[in-house]
Amino acid sequence: MIQRLFTHKLLSPGDLEPSDPRMRVVGVFNPGVVEVGGRTAILARVVEQPVEERAGYFPSPRYDAGALHIDWLACDECETGDPRTLVSKTTGRVRLRFVSHLRLFWAEHSGPGYAASAVEALRILPEGPHETYGIEDPRITRIGDTYHFTYVGVSPLGVCTMLISTQDFVAFERRGVILPPDNKDVLLFPEKVGGRYAMLHRPMPSMKFAPPRVWFAESDEFTHWGGHRPVEGVSLGGAFRDRVGGSTPPIRTDRGWLVLVHGSDKQPGDGGAGVYSAGAVLLDRDEPWRVVARTAGPFMRPEHDFERRGFVDNVVFPTAAIVHNGRLDVYYGAADEHIGVCGFDLARLESACAPLEL
Ligand code: MAN
């Protein structure tokens with residue numbers, strides 16, 4: 001663990017109005033964050049659940065052609081070990097207990113801390129067949145004069161990665177599916193690598209020959225990706241035994257690309273979600289599919305009450321990191337319920353990344 005310089009809770013469900021009178025906001029977390037002309041754009045994932053309750057049934061919301069619907073699934077038909085999902089005992093199919101959309105907030109900086117005065121500017125709701133069960137976990141990268149954000153579309157087609165591009169956070173170009181299911185945690189590099197755009201992504205193999213792991217891919221534009229190769233050495237052992245994924249878009253440093261990664265320590269057969277913590281890796285500047293250094297274990301774990309208890313207990317899930325005068329500000333989802341921001345001394349974090357011999 002590395003000592004945090006500060007921790008602030010930025011946004012909580014009680015700060016938000018629901019998007020529909022039938023729903024209540026239960027989480028605002030996992031934001032894409034970027035600085036735009038002195039202000040901070042926070043593109044948050046907002047999670048809602050139906051207000052209505054029916055004895056013997058669980059509600060599962062979804063969008064169809066832009067309209068919200070609530071399906072009622074019989075309780076005795078569902079496995080409910082994971083607080084996020086309902087799994088059919090007959091078909092094994094998964095539904096979510098909530099539905100997510102994205103909201104853009106603008107925040108002003110205030111000295112070394114942050115004003116909690118984030119102002120809501122607009123909402124992006126699920127659209128089309130890849131987003132039926134919601135849209136989640138945006139990551140923003142500025143490339144040239146354009147901000148690109150990858151996000152997760154969840155639907156009966158699986159868990160896809162989608163892309164939206166904008167130059168002004170007013171007009172948004174939806175560019176559809178960029179990676180087919182199941183794939184998420186997609187981070188775009190802020191500049192070309194070896195003459196091509198580059199990304200990290202995280203396929204989730206369902207045949208279980210391999211655990212989920214981070215991959216590298218490249219492209220001449222933004223929608224067709226190839227040159228896929230695994231990035232070995234991202235996993236940090238037991239704390240990441242269940243899964244690992246990229247968390248924050250790569251930042252160029254003197255030692256290579258700094259990327260925060262997350263993982264869960266869930267044990268096989270364990271019903272819950274496990275403890276989600278974060279580590280850091282440095283990737284080779286020219287061959288970013290090679291890890292050159294990494295923290296020995298997680299440097300950030302659930303510590304504060306709002307990280308330890310919430311919609312999903314014991315989760316810190318970084319989704320954005322911004323450098324300010326030698327300080328790394330990490331924006332993260334806390335317990336799948338709040339947005340937090342905390343600071344680390346960048347030099348200290350980098351020196352905690354020890355060279356890796358593979
Ligand atoms: C998933 C992610 C996140 C979520 C964590 C913790 O792996 O997709 O959406 O924050 O689990 O529940």
Side-chain angles (χ1 to χ4, degrees), residues 10-13 25-33 43-49 80-87 94-103 126 130-131 133-139 149-155 158-162 179 181-187 200-206 211-214 234-236 239-248 260-267 270-279 298 300-302 306-320 330-340:
L10 256 186
L11 282 170
S12 293
V25 177
V26 295
V28 51
F29 55 97
N30 297 3
V33 182
L43 186 63
R45 169 179 170 193
V46 176
V47 172
E48 297 180 305
Q49 282 186 321
T80 57
D82 188 314
R84 300 164 294 192
T85 55
L86 300 166
V87 182
V94 180
R95 291 287 305 264
L96 293 175
R97 297 175 185 230
F98 50 70
V99 67
S100 304
H101 64 275
L102 309 181
R103 288 192 199 183
H130 303 95
E131 303 183 358
Y133 299 157
I135 53 179
E136 307 182 350
D137 300 358
R139 268 57 168 236
F149 59 93
T150 67
Y151 63 101
V152 179
V154 189
S155 76
V159 175
C160 293
T161 295
M162 322 286 295
L179 289 174
D182 283 344
N183 204 322
K184 62 202 295 193
D185 295 326
V186 174
L187 314 174
L200 299 175
H201 64 101
R202 206 282 304 275
M204 294 186 74
S206 61
R213 61 151 65 84
V214 175
V234 176
S235 186
L236 302 183
F240 285 15
R241 69 166 71 82
D242 180 54
R243 58 177 62 178
V244 61
S247 262
T248 62
L260 305 191
V261 296
H262 65 267
S264 144
D265 70 351
K266 181 176 142 153
Q267 305 266 13
D270 204 4
V275 175
Y276 275 75
S277 56
M300 179 177 167
R301 291 182 205 268
F306 77 103
E307 299 162 353
R308 299 176 72 125
R309 270 176 292 282
F311 189 71
V312 180
D313 289 347
N314 288 314
V315 177
V316 289
F317 195 91
T319 39
V330 177
Y331 292 81
Y332 63 100
D336 281 10
E337 193 167 320
H338 313 272
I339 293 179

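One-based numbering, in listed order, for ligands and for the atoms of each.
- Checked for salt-bridge contact, R202 and D185 meet the test: a charged N lies under 4.0 Å from a carboxylate O.
- Using bins of under 30°, 30° to 60° and over 60° for the plane-to-plane angle, the ring pair F306/H338 lands in the perpendicular bin.
- Between the side chain of R241 and the main chain of D265, a donor-acceptor pair closer than 3.5 Å is present.
- The aromatic ring centres of F98 and F311 sit less than 6.0 Å apart.
- Between the side chain of T248 and the backbone N or O of V330, no donor-acceptor pair lies under 3.5 Å.
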For each nitrogen or oxygen atom of ligand 1, which protein N/O atoms lie closer than 3.5 Å, and how far apart are they, rounded to 0.1 Å?
| residue | atom | partner | partner atom | Å |
| --- | --- | --- | --- | --- |
| ligand 1 | 7 (O) | R243 | NH1 | 3.1 |
| ligand 1 | 7 (O) | Y276 | OH | 3.1 |
| ligand 1 | 8 (O) | D137 | OD2 | 3.3 |
| ligand 1 | 8 (O) | K184 | NZ | 2.8 |
| ligand 1 | 9 (O) | N30 | ND2 | 3.4 |
| ligand 1 | 9 (O) | R45 | NH1 | 2.7 |
| ligand 1 | 9 (O) | D137 | OD2 | 2.7 |
| ligand 1 | 10 (O) | N30 | ND2 | 2.9 |
| ligand 1 | 10 (O) | D336 | OD1 | 2.7 |
| ligand 1 | 11 (O) | R84 | NH1 | 2.8 |
| ligand 1 | 11 (O) | Y276 | OH | 3.2 |
| ligand 1 | 12 (O) | R84 | NH1 | 2.7 |
| ligand 1 | 12 (O) | D336 | OD2 | 2.6 |

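- A distance-only check finds no donor-acceptor pair linking the side chain of T161 to the backbone of V186 [under 3.5 Å].
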